[in-house]
Amino acid sequence: MISRRFPGLVFWFGRFTRSWWALVPVPVGWRLVEAADADDLTRAVLEAQTGLRAAAKRGVTVIDLYERPIGSTIGDGR
């Protein structure tokens, strides 16, 4: 049901974490969100898309994955 509401996003249930996950594109890269159930994940996806960070207060994990410029490597300062 959640994938129909947000077509094009990637969702999965972690067998080991027992959490719901989503990979959400944001203007500066990607945001990885984790939640205990589908309702919290839906709220976290909406917040990620609008730039809000209130989800973290409810125990939702939010991880920003920023894109690096082409040719940059980890630790080169770019």
If the condition is side chain to side chain donor-acceptor pair (under 3.5 Å), which residues does Ser19 pass it with, not counting sequence neighbours? Glu34
What distance separates Ile2 CD1 from Thr42 OG1, expressed to the nearest 0.5 Å? 3.5 Å
With a 3.5 Å cut-off and sequence neighbours excluded, list the donor-acceptor pairs that the side chains of residues 4-16 form with protein atoms.
none

The reported gap from CG in Asp40 to CD in Glu47 (rounded to nearest 0.5 angstrom) is 9.5 Å
Which pair of heavy atoms, one from Trp30 and one from Leu23, lies closest together, and at what distance? CE3-CG, 3.8 Å
Check whether any side-chain heavy atom of Arg31 lies under 4.5 Å from a side-chain heavy atom of Val33, and answer yes or no. yes
My understanding is that only residues two or more places apart in sequence, or in another chain, count here; which of them pass side chain to side chain donor-acceptor pair (under 3.5 Å) with Ser3? none
